[in-house]
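Structure first, commentary second.
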Amino acid sequence: MIKRKLLVAFLCLSLAACSVSKKAEKKFDNGEYDLAIGLYESVIKKEEQPAEAYYYLAESYRLSNRLEIATPYYKKAIELGYDQEMIYYNYALSLKANANYEAAEQVLQEYMLEATDPKVKELVEHELDNLNNIDEILEDESYYTVNPLNEINTSASEYSPYFHDGELYFTSTRDDGKIYKATGENFSDIYKVKSKGALVDTTSITKLPDIINWPNANEGSIAITSNGRTMVFARGNTGKRKGLNDVNLYITRYRNGQWSEPQLMAINDPNAWNSTPAFSSDDRTLYFSSNREGGFGGNDLYSATVNSRGVWGNVRNLGPQINTPEDELFPATSQDGRLFFSSNGHPGLGKLDLFYAERKAGKIYVTHMGNPMNSNKDDFALFLYAPDRGFFSSDRPNGKGRDDIYTFKNEDPNLKIVNYYLVGTTTTNNSNNEEVILPGVNVRFFSQDSVLLGEVLTSQDGKFNFRVSEEENYFIIAEKEDYFTTRKLFSTVGKTVDKSTLTELITNKIFETTILLEEIILDKAFELENIYYDFDSANIRADAAIELDRLVTILKDNPPIKIELSSHTDARGEAAYNQDLSKRRAQSAVAYIISQGIDASRITARGYGESQLKIPDAQTEEEHETNRRTEFKVTEYDKEIAKRIKQQEDALFKKDNVQVEVKEERLEPQNKTEEDEFDFN
């Protein structure tokens, strides 16, 4: 009888443990990590060697952003023989989060002796490289001073500070309400407080209205355009989808003293996590983080641009110089064009660290911001409200809550900020052949490797401007209906300001350019300069090929047009012979253009011989060479083709149905530099 009672008791305990284990597994699979933690702890108490429970307990702490607490549970799971290679990598990261760098390196080196999973090996090798940089990072000199913003920090989480127009916006879980089961905290909302830099008026703390903050969702990480009329923020974890991918970017506009109903942005990937938005200084680019397919790791940084019609699209990954196999989040831009962000994939001190990326001579350089900006905990969501000071978030020890907001100041005595801008004007020639302003031109700005960096529609003054980087080459494409699409090169190479000569904190270096667009008039002749032929020859000279390449570019940039290419001779020789020679020269030029990828149906060769001399009484060889010229004229302009091309471009841009106002920044010229123009070759 006693043995039977013991057996029944044992079975009851086993069934109870099994039931708890299934509940824990369900909570974990649903992303309810805070609830899973308590259940896995119960499983551990009721089982003798629950290796799997220890592992998932550790994972629950990691996935609820408490990686440093997971260390003993990873260790115990390994000791009990849990057989999953990723555990060694995560165990090492948890040791690193506790600043136990030597132990983390040892775990990874021991794993590499037995490693079989190539994907895990790649992560481990990357992290070993990072750990090798720890000493160098700790030795770097830093001029930053850091202080907690205790006026608004609470025992809840405060993070993602954003300063705009005398108000500090931030995200917090302080409000009592429904618990978010992944973290065990309240759902987060967006708040604001009146502020003069780091001096806040705590009596003015208010939560944004219910149209922004939903009671059963997490909102946070806002970005506001400089005119204050458009806001983008993240909202998610509404329960509509399982796991952590239920987070997307929303856009809203400020009208008549209130925010409009937020709308999902089309740049979201519906199957991914999309969050942490940030506008560029000119409001034309939106940076954000996403774990969509095709990236380099967990969460990558992406950019989207707004076109001349206020449509967001052109989403692109920022590339492997910035993105790593791990996470990159919380982008922010500075006045001098640097991109700040948080990462646990670049060499750092623990979990998320603060970095900035800057372009120099066409390359991207990433810099760790050092101690005290960074710690072995999460340091993230930096925002600059002045060139030398700002806010960021951290869950470092001795704070009031899990995450707190800190202020910082850069006290580097040699700090100098140089902003580089290209300011341009679009023009055309009027009926009197006078150059006049041409408004309504769509101007697109590209890097040398054809990445679209910005787009703007010129207003009545024909002005446009773009931020540029030092020691880089760019090109501009300007287009307007009934005008030739025009391409122009621009470069800042060799024009970098020597900061050692500067006395002011901020210097604006402004380059100026003009883009002339010719109206498309059928049968109007345009001479191709430098298309010269040797006497009695139809062969294309090297100098002529350079100029013909320009015509190739015009044809590629203007698909709706068809042209006639004509050749003219001098008056030496028989008229019939010159007629034949000019035809052969025109055919030779057309053949060259077709060889460069232009459809033969778009171009016709015509020889005029000596019938249209520019200098009828030519005497010198130079004058004869002027008569030996080549011209082109548009014979057909198909607007339907132009319309279809525009529709295709819109589709490629991934058109968003949300229209936003785009601020056109006005710059007062300072330190002007004349335009740089290059021939295409």
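- Between the side chains of Asn274 and Arg292, at least one donor N or O sits under 3.5 Å from an acceptor N or O.
- Asp378 contributes a side-chain N or O that, together with a main-chain N or O of Leu352, makes up a donor-acceptor pair within less than 3.5 Å.
- The 12-atom threshold is exceeded at CG of Asp449, counting heavy atoms of other residues, nucleotides or ligands nearer than 6.0 Å.
- Under a 4.0 Å N-O distance rule, the pair Asp388/Lys409 does not qualify as a salt bridge.
- Note: Arg316 CZ to Leu452 CG = 8.5 Å, rounded to the nearest 0.5 Å.
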inquiry  = Thr154 vs Lys400, test: side chain to side chain contact (heavy atoms under 4.5 Å, CB included). Steps then yes/no.
reply    = CA-CA 5 Å; Thr154 69; Lys400 286 188 175 183; 5.7 Å; no
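- Ala217 and Phe187 get closest at one heavy-atom pair: C-CD2, 3.2 Å.
- Asp283 and Thr225 are not linked by any side-chain donor-acceptor pair at a separation below 3.5 angstrom, with hydrogens and angles left out of the test.
- Put simply, CD on Glu358 and OH on Tyr365 are 9.5 Å apart, with the number rounded to the nearest 0.5 Å.
- The residues Asp336 and Arg338 are annotated as salt-bridged, a charged nitrogen and a carboxylate oxygen being separated by less than 4.0 angstrom.
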inquiry  = Go through it in stages, so that I can follow the logic: the residues are Leu93 and Glu68, the test is side chain to side chain contact (heavy atoms under 4.5 Å, CB included), and I'd like the CA-CA distance, side-chain angles, deciding distance and then a yes or no.
reply    = CA-CA 8 Å; Leu93 293 183; Glu68 61 274 19; over 6 Å; no
inquiry  = Could you go through Thr171 and Tyr191, starting from their C-alpha distance and side-chain angles, then the distance that decides it, and tell me whether this counts as side chain to side chain contact (heavy atoms under 4.5 Å, CB included)?
reply    = CA-CA 6 Å; Thr171 304; Tyr191 294 76; over 6 Å; no
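- Of all heavy-atom pairs between Leu128 and Met112, the closest is CD1-CG, 4.2 Å.
- Expressed to the nearest 0.5 Å, how far CZ of Phe163 lies from CD of Glu167 amounts to 9.0 Å.
- Phe279 and Trp312 have tilted rings, their planes meeting at an angle from 30° to 60° on a 0 to 90° scale.
- For Asp129, the CG atom is densely surrounded, since the number of other residues' heavy atoms within 6.0 Å is greater than 12.
- A donor-acceptor contact closer than 3.5 angstrom is absent between the side chains of Asp300 and Asn291.
- Note that the CG atom of Asp403 and the OG atom of Ser394 stand 7.5 Å from one another [nearest 0.5 Å].
- Salt bridge Lys22/Glu25: absent, no basic N to carboxylate O contact under 4.0 Å.
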request  = Might you work through the side chain to side chain contact (heavy atoms under 4.5 Å, CB included) test for Tyr287 and Leu301, ending with a clear yes or no?
outcome  = CA-CA 7 Å; Tyr287 298 97; Leu301 293 185; over 6 Å; no
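- Defined by atom type and a distance below 3.5 Å, a donor-acceptor pair is missing between the side-chain atoms of Ser281 and Thr333.
- Under the 30°/60° scheme for interplanar angles, the aromatic rings of Phe28 and Tyr40 are found to stand perpendicular.
- Inspection of the Glu151 and Thr202 side chains reveals no N or O donor paired with an N or O acceptor under 3.5 Å.
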task = Check the pair Arg66, Asp34 against salt bridge (charged side-chain N to carboxylate O under 4.0 Å, His left out), reporting the backbone distance first and the verdict last.
result = CA-CA 10 Å; Arg66 289 171 279 183; Asp34 193 66; 3.0 Å; yes
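- The backbone N or O of Thr305 sits nowhere less than 3.5 Å from a side-chain atom of Asn314 that would complete a donor-acceptor pair.
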inquiry  = Before you tell me yes or no, could you show the steps for Thr252 and Ser260 under side-chain hydrogen bond (donor to acceptor under 3.5 Å, both in side chains), namely the whole-Å CA-CA distance, both residues' side-chain angles and the distance that decides it to 0.1 Å?
reply    = CA-CA 5 Å; Thr252 176; Ser260 65; 3.2 Å; yes
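- Asn237 and Tyr180 share a donor-acceptor pair across their side chains, judged by distance under 3.5 Å alone.
- Across every non-hydrogen atom of Ala36 and Ala24, the tightest pair is CB-O, 4.0 Å.
- Checked by atom type, the side-chain pair Glu85/Tyr111 shows a donor-acceptor distance below 3.5 Å.
- When all heavy atoms are compared, the tightest approach of Asn317 to Gly295 is ND2-CA, 3.9 Å.
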request  = Evaluate the criterion ring-ring contact (aromatic ring centres under 6.0 Å, His included) for residue pair Tyr406 and Phe391; output intermediate values, then yes/no.
outcome  = CA-CA 6 Å; Tyr406 291 77; Phe391 307 96; over 10 Å; no
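- Lys96 and Glu127 are joined by a salt bridge, as a carboxylate oxygen and a charged side-chain nitrogen come within less than 4.0 angstrom of each other.
- Between Tyr162 and Tyr169, the angle of the ring planes goes over 60°, which puts this pair in the perpendicular group of the 30/60° scheme.
- Separation of atoms OH (Tyr89) and CG (Leu108) is listed at 8.5 Å; rounding is to 0.5 Å.
- Side-chain contact between Lys207 and Asp175 is present, with heavy atoms from C-beta onward closer than 4.5 Å.
- Between Glu185 and Ser157, the side chains place a donor N or O and an acceptor N or O closer than 3.5 Å (distance only, hydrogens not considered).
- Side chain to side chain, Glu328 and Asn299 fail the donor-acceptor criterion of an N or O pair below 3.5 Å.
- With no hydrogens or angles considered, no side-chain donor-acceptor pair links Asn371 and Ser142 at under 3.5 Å.
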task = Could you give me the CA-CA distance, side-chain angles and deciding distance for Tyr82 and Tyr55, then say whether ring-ring contact (aromatic ring centres under 6.0 Å, His included) is met?
result = CA-CA 8 Å; Tyr82 187 77; Tyr55 171 73; 4.4 Å; yes
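- Side-chain contact check for Asp140 and His368: no donor-acceptor pair (N or O, by modelled atom type) lies under 3.5 Å.
- The distance between the ring centers of Tyr356 and Phe341 does not fall below 6.0 angstrom.
- By the 30° and 60° cut-offs, the orientation of the rings of Tyr302 relative to Phe288 is parallel.
- Inspection of the Glu102 and Gln106 side chains reveals no N or O donor paired with an N or O acceptor under 3.5 Å.
- Asn98 places no side-chain N or O within donor-acceptor distance of the main-chain N or O of Asn100, the cut-off being under 3.5 Å.
- Paired with Lys351 under the rule salt bridge (Lys or Arg N to Asp or Glu O under 4.0 Å), one option of Asp395, Asp327, Asp379 passes, and it is Asp395.
- Using a 30° and 60° split on the angle between ring planes, Phe233 and Tyr250 fall in the parallel class, below 30°.
- Of all the heavy atoms in Gly345 and Glu326, the pair that sits closest is CA-CB, 3.7 Å.
- Taken to the nearest 0.5 Å, the CG atom of Leu318 stands 6.5 Å off from the CG atom of Leu339.
- The 12-atom threshold is not exceeded at NZ of Lys181, counting heavy atoms of other residues, nucleotides or ligands nearer than 6.0 Å.
- For the pair Tyr101 (side chain) and Leu95 (backbone), a donor-acceptor distance under 3.5 Å is absent.
- In this pair, Phe408 and Tyr144 present their aromatic rings perpendicular. The plane angle is above 60°, beyond the 30 to 60° band.
- Residues Met86 and Val120 share a closest heavy-atom pair of SD-CG2, 4.0 Å.
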inquiry  = Apply salt bridge (charged side-chain N to carboxylate O under 4.0 Å, His left out) to residues Glu122 and Lys119 and explain how you reach the verdict.
reply    = CA-CA 5 Å; Glu122 184 177 351; Lys119 291 183 178 179; over 6 Å; no
